[in-house]
Every structure is written in C-alpha cells, then in structure tokens.
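The chains referred to below are lettered A, B, ... by the order of the sequence lines, with proteins before strands, and numbering in each begins at 1.
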Amino acid sequence: MARHPSTRPSFDPRFSRGRRTLVRAGLWLSLAAALLGASTVEAESGAPTHVVIVHPHAGTSSVSREVLGDIFLKKTARWETGEPARPVDQKSGAAVREAFSRAVLRRSTAAVRSYWMQRIFSGREVPPPELDGDAAVVNYVASHVGAVGYVSTSANMSTVKPLVVR
Amino acid sequence: MARVSGVAFGRTVKRRLGALSLALASAALPAAAQAQEAGPDPDVKVHAFVSQGVIKTTKNNYLAHSDRGSFDFTEVGINFTANLSDKLRAGVQLFAHDLGPLGNYTPTFDWYYLDYRFADWLGIRAGRTKIPFGLYNDSADIDAARVPILLPQSVYPMDHRDYLLAQTGGELYGNVRLGEAGAFEYRAYGGTLDFGTPLPPAPGVTVENLQMPYVYGGRAWWSTPLDGLSAAGSYQALRFDSEYHIAPPLIPVLQSVGLLPPGFTGTLPTQFRVKLWVASLEYQRGDLLVAAEYSRWIGKFNSQAPALLPPHIVNERYYGMVSYHVTPWFTPGAYYSVYYPDMDKREGKQAFQRDLALSVRFDVTPNWLVKLEGHFMNGTAALEPTLNDGQQPKDLVQNWGAYLLKTTAYF
C-alpha cells in the first residue's frame, strides 16, 4: 500500500539540527564502544582463568556450560542427580566474576545484574548470594550440600571439589 | 450521585489499605533486614527501589503536564520473598507510583504469589503475577533493569500500566533444555485484572462500571543454539465490559453527525474484546543488547454506537533497540519506536507516533543510577486530550520533543 507523503517524518529545522547532533553523538559513542569492546576482548584473552567448585560430596564431577549457566541464572533448580543446586556468586566488582560471567553466561556482569533486576522486581526469582572473595566462597561451598561457586586459580581449594565444565 | 459516592468510598478504602500496607511493610522491614544480614542465603529476602524523574516536553504535554516540566514521575517498591521449602516459595511486592494523572502515590500490592516448582519443566503460581508479554512487560516498572527511562512506548505504553502489567489468577511455567536446539521456556496464565477508575477518554465522556470477566495468555521463549539469541512469541486475550456516560449537551451534537443513534439516553453499555500478540527477538552477548519486537493489538467493540466506537480496530506497534555497556558504569542506548493506532488509517499526524530515543545510563554505585534521555517525536497518536487542554491529537503539534532525567536507588 502506497504511503501518503504526510506520514513521512518531517522534522522542523530545529529538529533537523538536533538530529544531526544526535547522529554525530551516536557515531562517537559507537566508535568509543567499538574501541573499548576491542580492548575488552584483548583483556579477556589474557585474563586469569577461574575454577568452578562444588561441595566435596557432590554426586557430579562435570557439567555442561549451558546447564551451569542455567543454575547460576536459576533457570534450573536442581543438579542432574536431583540434588537442589545452591549457586553462590562473587561480588559484582570482582575480576573473577567478570571472567566467569563472560565465559559461562556469555554476558558481562553489568548485563547479568540487569537480568537480576528484572527477575527480582517482577517477582520471578532472587539472585544467588554474593560473597566477598575466594575464601568466603570456598567456605560456603564446603559447608552447603549442592553448593556451586567459582574462585580464582590461586585459591585454596583443599576443602572443595573442582567441577569440570564441558 | 450514588456512583460518585461509590468512587469516593473506594478511594477512602484504597487510602486506608495503602496506609495499612505501608505500616505492615515498615513493621516487617527490620525483621526481614535482620534476616538478610544473618547469612548469605537467608530465608526471607528483601529488595527495594526508589525512583524519581522529571519530564520536560516541547509543544505538547505527554504522560503529565510536562511542557513546563513535571516531577510527577515517581516509583517506589519493596518486596519480600521467602523460600518455604525446596520447592515452595512466597513473595509480595508493594508498589506506589505517580505519573501525571496516574498512580497518585496510592500503594498497591504489585504482585504476590505462592509458587510450587515441581520440576524445572513445571511450576505453578497462584496470586497476582506480572504478565509475560514481549521481552520486558513484566519488568516495565523497573528502571534498574534497563537502559532507557521509557521503554518503547509503542509496545509498552506507560499509561496502560494498570491494565497490562499484572493479573490475578494462576500461572503455569517451565524451562526445558533441548540439547543442541537450545532451551525453551513457557508461561501460561489466566485470571482477571484489577484496575482503578479509568481516565475519561474525551471531555464530556466518562467510563464507569468497568469490569473484566477474563484475561488469559502466555509466552513461549526459545533460547536458540546461537549464544545470546532468543526468540519469543506472546499472546493475550481479554474482555472489558463498561458503560460510557456521555454528557447531555454532547448528545444532540453527536447525534447530528451520526455518531450516536436516535433515542440515545446518555448511557452506552459496551463490550470490548482485545487480542494482543507480539513477536520478539533479542540478542545479548557480552556488553551488547539488541532487541526488536513487532506487535498487533486487535480490538472489537460491541455497542449500540458503531460509528462512535469502531467495531473493529487493529493497532500496529514495533521498535528496534540497542544498548552497549561501554564500561560497568556507562551505558548508552537508542531505539526507534513506531505506533499506528489504526493500521488501516495512516494519514494525518494523529494516525501515528514515531519516536527516536537516545539514552545514557550512569551506574554511579552498584545501587544507584542516573539516566538522561531525549525523544524526538513525530506524530501525535498517543497524546491525551485531557493533558492538552482538551485538544484532539489532530490539533496538536506534529514534531515535538521529550527530555527526561531520572535517578533510581535500589538493593
């Protein structure tokens, strides 16, 4: 169906000027985002890796990345063994959390926080508890059956079991 | 007169219910906060947010009396969630807002539920639950969950909040892994809606005895094998029953142009059936979010005045949106949103609304954010005559702007 000419956007001169400014600002923002994005990728490739850990008596020793992601986003409430899953996060500013979020959830911590804001205030779910540092996560995982967390490779993991992520 | 008294009575009851709700929340807060501090995984969890915004428009009033700047843009909510067992949970959220003529700070139970999750693929909820429609309807109130201050108003109109955000009834939901094919999530619901007295649709016309016999619908969400790409489809059906009361001086005028039948007495019973659907795509990877949705809302009026209330009308609504977390504290975003109230009538500035929006979000701390937003609007389709001195959309200015500033604290 042919569209009537009057239905086309016809911004007045002030809007045209404003629109030019906006387009210019958008281009600068896109360029900045592209540059920062590139540096983030480089940082990712050289970032220290993390280790996923579970309770020492956990009935599973490996998990797929997708299922692990579902557990941390609480789309899955149980392990394949039927045991309730109890994920625990690190604080949102922690480098190990950023590395885990990007590697397993495939999104930044900021994006994950937005996801949780949606879930919390729409009444769907609340996020995993956030603990400060590797030692706190190891202690939590060691003392809660079904718990799963992640720590930096330098953490003392003698009381927990590492989990292989497929 | 009796109706006016009834409305006044209803408002008094609402105010008292609101005061009671806040008192209960205040009493519960210290105990809940203590629970939150007791350990990393407390039985009762408390979350809250407070938002204050300002909206300034040029040439037309939008959402509020905004041409001179309006602070009537407030949201506050607090919720409590408890795990009663591994599978049973309960939650409640109190919410109050003010947006121009809407809300007026009246506290309401935004949602409350009992939730039993048999397995990942099957859970059941009873109570008042947010309606899953499109990507963001169930989080439309939540400023902290997104980059723009206003979600694309074509698909998520704020002045429809009371009708489209939550339903009271039951819901089934689940999540299934499909192996190499990704994952599938569904939500299906049925019940009714709770809403207050609607705004008058035009000067001299009021809507009363508004009832909703039913609402039902659902959303199917497919997380595709391509990481970060999701596709969803949502459907909703509902029926409004109401009475339009038309002021006596207007009746002969409307009859003379054939909009009202001869012998009309001033009360027009109507039945309005609406079916809504939206198709959604979202790509979220790393710091990038891209979303697009296309929607149609199909309405059928059944009344004695088909010339005044068209028996069949179809809205068309769509948008595309992008945002990028440049740093953890700085996120710009943009969208382009289009709305046609009647997709068969696209001529004239009142027949459409096109909205180009640019936003920036600053996360000042992990619990406090500030946003700025500009809208470049073309068309007057969604403008309310009641906010514009009774002027109809065809008499308002076609090209106009809206500028918003909003800050939100949350935990």
When the 4.5 angstrom heavy-atom criterion is applied to Ala144(B) and chain A, the contacting part is both
When the 4.5 angstrom heavy-atom criterion is applied to Ala166(B) and chain A, the contacting part is neither
query: Do the rings of Tyr112(B) and Phe109(B) sit parallel, tilted or perpendicular, given the 30° and 60° boundaries?
result: perpendicular
Are any of the side-chain nitrogens in Asp115(B) or Lys87(B) under 4.0 Å away from the carboxylate oxygens of its partner?
no
Turns out that what part of Gln284(B) lies under 4.5 Å from chain A's heavy atoms comes down to both
Applying a strict 4.5 Å limit to non-hydrogen atoms, the region of Arg128(B) in contact with chain A is neither
Practice problem: Check whether the side chains of Thr408(B) and Asp143(B) place a donor and an acceptor atom closer than 3.5 Å, and report yes or no. | Solution: yes
Ranking Arg78(A), Arg107(A), Glu98(A) by heavy-atom pairs under 4.5 Å to chain B gives rank one to Arg107(A)
When the 4.5 angstrom heavy-atom criterion is applied to Arg124(A) and chain B, the contacting part is both
Of the listed Arg89(B), Glu185(B), Lys130(B), the one with the largest count of heavy-atom pairs under 4.5 Å with chain A is Arg89(B)
Okay, Glu171(B) and chain A: the region with an atom under 4.5 Å from a heavy atom over there is side chain
Asp227(B) and Arg106(A) ion-paired at < 4.0 Å
yes
Turns out that what part of Glu125(A) lies under 4.5 Å from chain B's heavy atoms comes down to both
Let's go through Arg177(B) and Glu66(A) carefully: what are the C-alpha distance in whole Å and the side-chain angles of both, what is the deciding distance for salt bridge (Lys or Arg N to Asp or Glu O under 4.0 Å) to 0.1 Å, and is it a yes or a no?
CA-CA 9 Å; Arg177(B) 273 262 149 223; Glu66(A) 290 81 5; 5.8 Å; no
- Message: Between Ser139(B) and Ile142(B) (side chain of the first, backbone of the second, donor and acceptor by atom type, cut-off under 3.5 Å), is there such a pair?
- Response: no
Per-residue tally against chain A (heavy atom, under 4.5 Å) across Gly228(B), Gly379(B), Ala351(B), Pro366(B) peaks at Pro366(B)
Next on the checklist: Side chains of Tyr150(A) and Asp89(A) only: does a donor on one sit below 3.5 Å from an acceptor on the other?
Outcome noted: yes
In short, ring pair (Phe, Tyr, Trp, His ring centres under 6.0 Å) pairs touching residues 109-134 of chain A with sequence neighbours left out are Phe121(A)-Phe49(B)
Chain B shares the most heavy-atom pairs under 4.5 Å, among Pro84(A), Gly123(A), Ser64(A), with Gly123(A)
Applying a strict 4.5 Å limit to non-hydrogen atoms, the region of Asp138(B) in contact with chain A is both
